[in-house]
Enquirer: 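Quick one: the structure is below, questions incoming.
These figures come from a predicted structure and were not determined experimentally. Note on naming: letters A, B, ... go to the chains in the order of the sequence lines (proteins, then strands), and numbering restarts at 1 for each one.
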2 protein chains.
Amino acid sequence: MTSTRISPTPRELLRDAGLKVTAPRLAVLLAVERAPHSHADSLFAAVRGELPGTSLQAVYGVLGALTTAGLVRRIEPATSPALYERRIGDNHHHVVCTSCKAVEDIDCVHGAAPCLTPSSSHGFVVEAAEVTFWGLCPRCQANPGAARAASAPPVR
Amino acid sequence: MTSTRISPTPRELLRDAGLKVTAPRLAVLLAVERAPHSHADSLFAAVRGELPGTSLQAVYGVLGALTTAGLVRRIEPATSPALYERRIGDNHHHVVCTSCKAVEDIDCVHGAAPCLTPSSSHGFVVEAAEVTFWGLCPRCQANPGAARAASAPPVR
DNA sequence: CCCTAATTTTGATTTACTCAAAACACGTGT
DNA sequence: ACACGTGTTTTGAGTAAATCAAAATTAGGG
């Protein structure tokens, strides 16, 4: 009995989400898996490696579809373009380096999903909480001069 | 005794920050005070009302200077342009309406500044934590059809 | 009141992304 | 196995938000 239940293949992921299986979609899915927290441009570069005909707009289209289908999560830290990752479903957060913009995952502070509840929500029905930590990554701590793209606002 | 210590005038704020006092700066400061969570464009519109010669670039320049000086705080919720507010120093957070993008302040969940500490920070030296809640504002709850500018991703 | 550095204006440019029409291909039905 | 329809991708253009740079202007110390 070869179980079909052990981590679905990219094909299955797409099919199960009701999306057609296409080469660009498989390639983007793989690229995001390999390099989490990538932006559209670098995914485009990665995809071009194995599928030279692909257009940047296709990558944007695929990322939109995958995000809508819930196969991929989009984050948008201040001052960065949108980043994509495959780790979904758990509610995890991110640390962003104020100097070089490197991103790492942070497990949810309080365990599962509703890890935060606003004190007073002004009548809003709150569906989600998003947490971004800002700091200096190990590399930039060691190498203080080398700010790659400064101006990220550490909230204050 | 008319105390000089009660909330500094805009002039004083600028001077104390080592910035020259100029009409555009006073106007932007006032406009942000009046309409918190405004973006550059709408501040530009407001400023134009009382100071017709002002350029959009000047508004961007002023906002940059005020932000650097810590007189104004910049936030950038996903899918919105940068927003500015005068409430600073306290570490407060925001709820953003997923439908109309309205923003409200939320007091820090755990009291003062270090209201969150990442469980494992991958060697980052964390300086700040930023929390954004996503939900439906009262108006959009009552008026479900009227999505003003959809596509804000409720994190998932 | 003058002078200099900071600020603002004017004008061009970049980045990240969206829109639309035409060509193409996945996969359902036969 | 094959055609057909719709969803996808390509091609090409366009937009919003913001940044960059040089020239003109102005705040405010001396």
Enquirer: Could you tell me whether B/Ala65 contacts a base, only the sugar-phosphate backbone, or nothing, with contacts defined as non-hydrogen atoms closer than 4.0 Å?
Expert: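 Here B/Ala65 touches no strand at all.
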Enquirer: Figure out the CG/P separation between B/Leu29 and C/dT7, and round it to whole Å.
Expert: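 For the pair B/Leu29 CG and C/dT7 P, the rounded distance is 14 Å.
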Enquirer: Closest heavy-atom contact between B/Ile88 and B/Val72?
Expert: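 So the minimum-distance heavy-atom pair works out to CG2-C, 4.0 Å.
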Enquirer: Quick one: are A/Leu14 and A/Leu71 in side-chain contact, heavy atoms under 4.5 Å?
Expert: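 When only atoms from C-beta onward are counted, A/Leu71 and A/Leu14 do touch, with a gap below 4.5 Å.
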Enquirer: What's the closest nucleotide to the A/Asp41 side chain, out of C/dA16, D/dT9, C/dT9?
Expert: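 So the side chain of A/Asp41 is nearest to C/dA16.
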Enquirer: To check you understand the geometry: which heavy-atom pair defines the closest contact between B/Val95 and A/Ser121, and what is its length?
Expert: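 Minimum heavy-atom contact is CG2-O, 4.5 Å.
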Enquirer: Quickly work out the A/Leu56 CG to C/dC17 P distance and round it to whole Å.
Expert: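 Roughly 9 Å, once rounded to whole Å.
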Enquirer: Grab the CD-C1' distance between A/Glu76 and C/dC17 for me, whole Å please.
Expert: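 Whole-Å distance recorded here is 11 Å.
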Enquirer: Quick check for you: among D/dA18, C/dT8, D/dT9, whose closest atom lies nearest to any side-chain atom of B/Pro81?
Expert: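 Nearest to the side-chain atoms of B/Pro81, counting from C-beta on, is D/dA18.
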Enquirer: Taking atom types as modelled and ignoring hydrogens, do the side chains of B/His94 and B/His92 form a donor-acceptor contact shorter than 3.5 angstrom?
Expert: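 Yes, because at least one side-chain N or O of B/His94 sits under 3.5 Å from a partner of the opposite role on B/His92.
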Enquirer: Between A/Arg34 and A/Glu50, does at least one N-O distance fall below 4.0 Å, as a salt bridge requires?
Expert: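 Salt bridge present between A/Arg34 and A/Glu50.
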Enquirer: Rounding to 10 degrees, work out the angle separating the end axes of the helix from C/dC1-D/dG30 to C/dT30-D/dA1 (five pairs an end).
Expert: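 It works out to 30° between the end axes.
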Enquirer: For the pair made of CZ in B/Arg48 and C1' in C/dT8, what is the distance, rounded to whole Å?
Expert: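 So the CZ-C1' distance, B/Arg48 to C/dT8, works out to 13 Å.
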Enquirer: If I take atom CG in residue A/Leu51 and atom C1' in nucleotide D/dT10, what distance separates them, rounded to the nearest angstrom?
Expert: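 The distance from CG of A/Leu51 to C1' of D/dT10 comes to 13 Å, rounded to the nearest Å.
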Enquirer: Please determine whether the number of non-hydrogen atoms from other residues, nucleotides or ligands lying under 6.0 Å from atom CZ of A/Arg87 exceeds 12.
Expert: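 Enclosed.
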Enquirer: Specify the closest pair of heavy atoms between A/Leu136 and A/Ser99, including all atoms of both residues, with the distance to one decimal.
Expert: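 Looking at all heavy atoms of both residues, the closest pair is CD2-CB, 3.7 Å.
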Enquirer: Considering non-hydrogen atoms only, spot the tightest contact between B/Ala82 and B/Arg74 and give its length.
Expert: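 Distance-wise, the nearest heavy atoms are CB-CG, 4.0 Å.
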Enquirer: For each nucleotide in nucleotides 19-30 of chain C, reading 5' to 3', give B when a protein heavy atom comes within less than 4.0 Å of its base, S when such contact involves only the sugar-phosphate, and - otherwise.
Expert: B------BSS--
Enquirer: In whole angstrom, give the distance that lies between atom OH of B/Tyr60 and atom C1' of C/dG11.
Expert: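 So the OH-C1' distance, B/Tyr60 to C/dG11, works out to 16 Å.
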Enquirer: Taking NZ, NE, NH1 and NH2 as the nitrogens, is one of them in B/Arg73 or B/Asp105 under 4.0 Å from a carboxylate oxygen of the other?
Expert: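 Result for this pair is no, no salt bridge flagged.
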Enquirer: What's the NE2-P distance between B/His39 and D/dA16, to the nearest Å?
Expert: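 Distance check: B/His39 NE2 to D/dA16 P gives 12 Å.
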Enquirer: What is the distance, rounded to the nearest whole Å, between atom CZ of A/Phe44 and atom C1' of C/dC17?
Expert: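 After rounding, the reported distance stands at 14 Å.
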